[in-house]
*Asks:* 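Next up is a structure, given as structure tokens.
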Amino acid sequence: MNLEDKLKSAIVDGIEKLYNQKPDEKRINFQKTSKDFEGDVTIVVFPFTGISKKSPEQTAKDIGTYLKENLTEVENFNVVKGFLNLVISSSFWLDFFNTASATEHFGFSPANTGKTMMVEYASPNTNKPLHLGHIRNILLGYSVAEILKANGHKVLKVQVINDRGIHICKSMLAWQKWGNGETPETSGLKGDKLVGKYYVEFDKHYKSEIAELVANGLTKEEAEKQAPSIVEAQAMLLKWEAKDPEVYALWEMMNSWVYAGFDVTYNSLGVNFDKLYYESQTWLRGKDEVLKGLDQSIFYRKEGQSVWVDLTKEGLDEKVLLRSDGTAVYITQDIGTAILRYNDFPDLSGIVYTVATEQDYHFKVLFLILQKLGFEWAKNCYHLSYGMVDLPSGKMKSREGTVVDADDLMEEMITTAKEISLEKGKGEDNADAEELYRMIGMAALKYFILKVDPKKKMLFNPQESIDINGHTGPFIQYTHARIKSLLRRADSHSATAVSSTLSILPKEKELIKLIHQFSAVLKEAGEAYSPALLANYIYELAKEYNQFYHDFPVLKEEDEAKKNFRLQLTVLTGRIIKDSLRLLGIQAPEKM
RNA sequence: GGUCCCAUAGCUCAGCUGGAUAGAGCACAGGUUUUCUAAACCUGCGGCCAUUGGUUCGAAUCCAAUUGGGAUCACCA
């Protein structure tokens, strides 16, 4: 039983004894004691003055006296207005500290919950390389998956690959026409970059064709439909759908280039997947489900035989599910794919879809439709919606060339890390050092993105945004490296339990209190699907440790008991930092 | 036009289900090293929490309206 639960039930009992009435447990509200007052935990007593029929001060005094008499953990208390500040005994903190020290991954859920969660992330199109927006997606999805694991769930990381459609045909067509047989090998380009190059090439030709047609008197809309390039691309898509051998072979070849390219990027990002879903294999799914729904009158037909769902009662619109020619639309596929996943993994307890906030409406509709179709599990589907990454110049637009390429960005981060290291006189020129620069650069990038609340959009300034000092990944890495350095010197430290009668300094207690919060933070990060909570917590911990480190000797402490305690405090802090960074996908170097 | 999201220091962000004098980092001005990593630590500067009402003992937080920004609403994906 943790401290807050203990306090809570004691307060309930106390109020009942004091005033003969049970308080609403939900109104018992704990908060950190403001640093201007003495105490560790503060209870706001205003909600209970109605029961006590006494002044806030008197009520707080009554409850405080009761707690002090009945709970060994409560050593003392003081009252400021309606705030009851409790001083928790240092023996409680030290007992907790010993327990945490003896736990391998303190804060992680020790037991398996038996739940299996599927986390979908990345989900790229196969016609162009990954960019900054994908990076946010990938880092979030990966980290959420790891956090869920730390909370005791089984996790399946999956990726949906949008490998079919008009977009890929555009690249294919352009390559066929103007590629001269160029391959990743002959061009020296990464596969995804090469295919992306032809996507841009297509767009260039398409645009000039439109301009020409408009000059010849067509409207813009007509020109966009009649331009030879797009007509050809559409013809190619039909051939693909008919499994034309030649088109299919081209499609397979170009996709294989893209996958090889993506693998490099995923590797650099340090992420992986347990299962891949290819749209080319799932795009025909869902149609049967829609027809079943039609039979059950969940859906209806409109003129022209198209099939619709009416969501106006839910405050949304009508949505088309099958075109009048009977073919599926995008959401139809998603219906099919969701069902497919539950068929693949019947014991799934939920699916987390990591998809940008632009698709909020889409997922609302999708989950509603699944519910209407009678799938109970639909309520366990969660859209992890994340905001766009904006640039100082505004939105990223591939047409305007303002897209920040994922590979370029990572490389730039690593180079910057190297430059800064050399500037600080810490750099060397060997393989180990190169690996360290990579770790630092990637930490700066990952932390910068993950520390922001997922659902908020964020601004990315390539020149200024990524820093290495202050509230950053490298700062936390540095704290870890510093801890490791200290521990390397402490060759003979033995892990003996700390006596609960040891007197501890305020700064030491602050550290223990922060560590005490860790399990709650980790749990909440999992429940809220928010790595940002963990990222911000671990910064606080690193900062607190740095202050402690600065102010007090560890190895040079002469009192053996204190030295032992401080060493173990250092060990535990280092472990929590390392574990947390790992959950964020960030490596913790031993030296830097 | 309908729906949804957002607005906190010059900049980038915290601020959990309402609680004490709203916090960090960057930037700016200074300081700390004969002692465990100065990628650190400390001090200062910086705020009408977009505006206006409401609920409450108490509002950055909840509600409503307004303003400004963004997203979305296709027989596209």
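The chains referred to below are lettered A, B, ... by the order of the sequence lines, with proteins before strands, and numbering in each begins at 1.
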*Asks:* So, OP1 or OP2 of B/C75: does either fall under 4.0 Å of a side-chain N or O from A/Arg301?
*Replies:*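 No.
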
*Asks:* In whole Å, measure the gap between the C1' atoms of B/U72 and B/U17 for me.
*Replies:*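 Their C1' atoms lie roughly 29 Å apart.
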
*Asks:* Return the 5'-most residue of the pair A/Pro454, A/Phe46 with respect to RNA chain B, ranking by each residue's nearest nucleotide.
*Replies:*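 This one resolves to A/Pro454.
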
*Asks:* Need the pair for B/C36. Rule: Watson-Crick or G-U wobble, both distances under 3.5 Å, any strand; none if unpaired.
*Replies:*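 The base-pairing partner of B/C36, which may sit in any strand shown, does not exist here.
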
*Asks:* Tell me whether the OP1 or OP2 atom of B/C36 has a side-chain N or O from A/Arg566 closer than 4.0 Å.
*Replies:*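 A/Arg566 to B/C36 OP1/OP2: no side-chain N or O under 4.0 Å.
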
*Asks:* A/Ser306 side chain N/O closer than 4.0 Å to the phosphate oxygens (OP1, OP2) of B/C75?
*Replies:*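 False: A/Ser306 side-chain N/O out of range (4.0 Å or more) of B/C75 OP1/OP2.
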
*Asks:* Think A/Asn29 has a side-chain N or O under 4.0 angstrom from the OP1 or OP2 of B/G19?
*Replies:*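 It does not, given that no N or O in the side chain of A/Asn29 lies less than 4.0 Å from OP1 or OP2 of B/G19.
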
*Asks:* Just compare B/C75, B/C73, B/U37 and give me whichever is closest to any side-chain atom of A/Val320.
*Replies:*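 Output: B/C75.
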
*Asks:* Counting Watson-Crick and G-U wobble pairs only, both distances under 3.5 Å, name the nucleotide matched with B/A9, or none.
*Replies:*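 Per the H-bond distance test, none.
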
*Asks:* For B/U3, give the paired nucleotide (Watson-Crick: N1-N3 plus N6-O4 or O6-N4; G-U: N1-O2 and O6-N3; both under 3.5 Å), or none.
*Replies:*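 Partner of B/U3: B/A71.
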
*Asks:* Please figure out whether A/Asp551 or A/Val80 has its closest RNA chain B nucleotide nearer the 5' end.
*Replies:*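 Going by which nucleotide is closer to the 5' end, it is A/Val80.
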
*Asks:* Which base, if any, makes a Watson-Crick or G-U wobble pair with B/C41, both distances under 3.5 Å?
*Replies:*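 Here B/C41 is engaged in a pair, and the nucleotide opposite it is B/G31.
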
*Asks:* Is there aromatic stacking of A/Phe83 on B/A20 here, judged by a ring-centre distance under 5.5 Å and a plane angle under 30°?
*Replies:*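 A/Phe83 vs B/A20: stacking yes.
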
*Asks:* Just name whichever nucleotide pairs with B/A20, Watson-Crick or G-U, keeping both distances under 3.5 Å, else none.
*Replies:*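 Pairing partner, where one exists within any strand: none, as none qualifies.
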
*Asks:* Which one is paired to B/A14, where only Watson-Crick or G-U wobble pairs with both distances under 3.5 angstrom count?
*Replies:*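 Per the H-bond distance test, none.
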
